[in-house]
Amino acid sequence: MRFSQSLIPTLREAPANAEIPSHVLLLRAGLIRQLGSGLFTWLPLGVNVLQKVERVVREELTKRGAYEILMPFVQPAELWKESERWQVMGPELLRLADRHDNEYCLSPTHEEVVTDLFRNNVSSYRQLPCNLFQINTKFRDEIRPRFGVLRSREFIMKDGYSFHLDEETFDATYQAMYDAYAAILTRLDLDFRAVEADPGLIGDGDSHEFHVLANTGEDALAFSQDGDYAANVERAEAITEELRPDSKKDLTKLATPGVTSIESLVDFLEIDIVSTVKTIIVEGKDSPIALVLRGDHELNELKAARLPNVVQPLRFATEEQVLDAVGCKLGSIGPVGLEIPVYVDRAAGVLADFYCGSNETGFHLSGVNWDRDVSCDNNVDIRRVQEGDPAPDGSGPLSIVRGIEVGHIFQLGTKYSRSMQASVQDANGVNVFPLMGCYGIGITRLAAAIVEQRHDEIGIDWPTEASPATLHVLSLNAERSELVRTTSNQIYSDCMNAGIDVLYDDRPERPGVKFADADLIGIPHRVVVGERALNEGKVEYRYRRGETSLVEPSDIVRRLNA
RNA sequence: CGGAGUGUAGCUCAGUUUGGCAGAGCGCUGCCUUCGGGAGGCAGAGGCCGCCGGUUCAAAUCCGGCCACUCCGACCA
């Protein structure tokens, strides 16, 4: 690729509307341009990266028995109505009509279409298991696109779907896909974690997410430093090892004028926050429902939403609903005397002599004890785990890091095969609904996640397998030197003939400009062709930011292939 | 959708408070000098000041409406 003839519009300054490193650097290094909110054009260098990432993904999947297909991006509404997702999904599903007024959607994912394909073409258990994938554009009308290509509306994803007659073959494929994802991220030289995940609304079985670790990640991951436990904090179980001590104090009502938060209660009474509980009222199917947490803990909304009779998705009660159900304002709620269902988090349930709201505005209670003063029958896990909490499998304290979710694998069970009547005949001639698995990995998101994890103050640091090129050749002042010109042209054509990807900076720019752009773009191998070294018959070779060495021009290809 | 902010040259941004010739730096074109880490000089090109309407002798600037983009929140295979 000749720099001068390609379209590589590098920028000296960061565009004003880019905030995070991957967005800034992909723009500055000339890999992408933004068209609109959540919509991006990929320029030549960017397309190279996508193709490299796709190649790694394809190789790891096909060697594990998955076959590539390509399904339509625009899909008829009928299929989505069959699975009922037309009704269930909100405005993130972009719907449109054609000239005949028929309804369609832009596909965010392809379960319906692949299941339809399967039922129309597979009818015997002899054809199972079947594992298909595609790499295709997706569209999700995100409420708020952000973080550049990390959360865009239109994006490229590899999505795969497998069909199975029994658990055994399903488990084997699930494990193979798990291994494929780990292999992909390993080849891309990324620091990543596979974690237990919440399957969301898609399925109900096992689910794992693959996260690239980065400070800008949207997800928090909990993992034990010593053991194998790793989970999304949304999913991580919070266990409590302490036992409840005996009560020592009497229940006492305290006047606490103006105290409406745990922080102000702690300050006002000069007490330990760990001796307090907070009570949160959420909407329930029959009546509001109270959730009790230790003062320093945070509610895990996914856990709370799974409690019986809690509405899904979780909604906090309004001030009016609280006044109606409890009889006080938001800052004075407590579990004692409530006539609505009360769920107590495990950690709150082991407290004795604690402080809480009195359900009377302006007053709190001290010396409160479970069983004696208020029932603690519904002891549940509803809090977010914190740094230092014990891992639920006993493997030591948890650390919490941030990650970018690049892959997600699910067990779909028979949800789609059943709702779309995609049955096959088993060996006994009985029609059965196959088990399905679903495996996604974001191509464009992965490209951004790489930059997010691998950059420094001067630019990107591409892993070899995702780099827009293997080698960056800079010819310095070629217009003044016949020798520089012919040598760099020779290196370029030698590499092309040897199948090595080269970005050849043949522009008539000053050396400083070329060096700065090379640092920014971040291709791992660099060869500088200039008069200085050519006087000794050599060119300068450097691996990323390592030491420079002088090598024979004719030796470049051999070195890169070594 | 709620809250905050920004829209002026390809990019970064002044100018808007107090209405009066459309600006700077970088980038781009040409010439000269320089020539291994974003050079210097000279001469240029480049604008629907987001859009529509209003006020005014006069609007980038004031008023009304709309749109786009960014950030915070709710949402998220």
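Just so we're on the same page: letters track the sequence lines, and every chain starts at 1.
- Both tests do not hold together for R140(A) against F155(A): distance to the six-membered ring centre under 6.0 Å, angle to the ring axis within 45°.
- Judged by closest nucleotide on RNA chain B, R12(A) is the one of E218(A) and R12(A) placed further toward the 5' end.
- To the nearest whole angstrom, the two P atoms, one in G27(B) and one in C21(B), are 29 Å apart.
- Pair check for G36(B) finds none; no Watson-Crick or G-U wobble contact set falls under 3.5 Å.
- L550(A) has its CG atom 13 Å from the C1' atom of G36(B), to the nearest Å.
- Using the Watson-Crick or G-U wobble rule with both distances under 3.5 Å, A4(B) pairs with U70(B).
- Residue contacts shown for R507(A) are absent, as no nucleic acid heavy atom lies under 4.0 Å away.
- In the set C28(B), G38(B), U12(B), the nucleotide with an atom closest to the side chain of E13(A) is U12(B).
- Rounded to an integer number of Å, the gap from CZ of F316(A) to C1' of C75(B) is 14 Å.
- For R510(A), no side-chain nitrogen or oxygen approaches OP1 or OP2 of G38(B) to under 4.0 Å.
- In terms of polar N and O atoms assigned as donor or acceptor, the side chain of N477(A) never comes within less than 3.5 Å of the base of G36(B) in a complementary pairing.
- Between the CG atom of L27(A) and the P atom of U12(B) there is a distance of 10 Å, given to the nearest Å.
- Separation of the F192(A) and H211(A) ring centroids does not fall under the 6.0 Å cut-off.
- Distances were taken from every side-chain heavy atom of A516(A) (C-beta onward) to each of C75(B), G38(B), G36(B); the shortest belongs to G38(B).
- In this entry the distance linking CZ of R33(A) with P of C11(B) reads 9 Å, nearest Å.
- The NE2 atom of H211(A) sits 12 Å away from the C1' atom of C76(B) (whole-angstrom rounding).
- Residue R480(A) places no side-chain N or O under 4.0 Å from the OP1 or OP2 atom of C35(B).
- Between A43(B) and U6(B), the distance separating the two P atoms is 37 Å to the nearest Å.
- Comparing the same atom, C1', in A45(B) and in G38(B) gives a spacing of 23 Å after rounding to whole Å.
- The only member of R526(A), R510(A), E509(A) that meets side chain to side chain contact (heavy atoms under 4.5 Å, CB included) when paired with F515(A) is R526(A).
- With a 3.5 Å ceiling on both atom-pair distances, the Watson-Crick or G-U wobble partner of G64(B) is C52(B).
- Y174(A) and F410(A) have their aromatic ring centers separated by at least 6.0 angstrom.
- Using the Watson-Crick or G-U wobble rule with both distances under 3.5 Å, A14(B) pairs with nothing in any strand shown.
- D159(A) comes within 4.0 angstrom of nothing in the nucleic acid, heavy atoms only.
- A518(A) comes within 4.0 angstrom of no nucleic acid atom, judged by non-hydrogen atoms across all strands.
- Here, G20(B) and U61(B) have their C1' atoms 11 Å apart, quoted to the whole Å.
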Summarise protein proximity over nucleotides 68-74 of chain B in one line of letters, 5' to 3': B for base, S for sugar-phosphate only, - for none, counting protein heavy atoms closer than 4.0 Å. -SSBBBB

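- H208(A) and Y178(A) have perpendicular rings, their planes meeting at more than 60° on a 0 to 90° scale where under 30° would count as parallel.
- Using atom C1' as the reference point in both U17(B) and C63(B), the two lie 16 Å apart (nearest Å).
- Nucleotides G65(B) and G3(B) place their P atoms 15 Å apart, quoted to the nearest Å.
- The distance from atom CZ of R28(A) to atom C1' of C26(B) is 13 Å, rounded to the nearest whole Å.
- For the P atoms, the distance from G40(B) to G47(B) is 26 Å, rounded to whole Å.
- One can place CD of E509(A) at 9 Å from P of G27(B), the figure rounded to the nearest angstrom.
- Both distances falling under 3.5 Å, in either a Watson-Crick or a G-U wobble arrangement, place A43(B) opposite U29(B).
- A salt bridge is absent between E78(A) and K81(A); no separation between the charged side-chain nitrogens and carboxylate oxygens falls under 4.0 Å.
- Among all heavy-atom pairs drawn from N131(A) and S162(A), the shortest one is OD1-CB, 3.8 Å.
- Here the separation of G7(B) from U16(B), taken at their C1' atoms, is 13 Å to the nearest Å.
- With salt bridges taken as basic N to acidic carboxylate O contacts below 4.0 Å, none links R485(A) and D506(A).
- For G36(B), the base has a donor-acceptor partner in the side chain of E540(A) [N/O atoms by modelled type, under 3.5 angstrom].
- Here the options are L302(A), I280(A), L299(A), N300(A), the test is side chain to side chain contact (heavy atoms under 4.5 Å, CB included), and the partner is I382(A); only L299(A) passes.
- Among the atoms of the strands shown, base atoms are found under 4.0 Å from some heavy atom of G530(A).
- A cation-pi arrangement is not found for R2(A) relative to Y504(A), the charged atom failing to lie both closer than 6.0 Å to the ring centre and inside a 45° cone about the ring normal.
- Comparing A14(A) and E531(A) along RNA chain B, the residue whose closest nucleotide (by nearest heavy atom) sits nearer the 5' end is A14(A).
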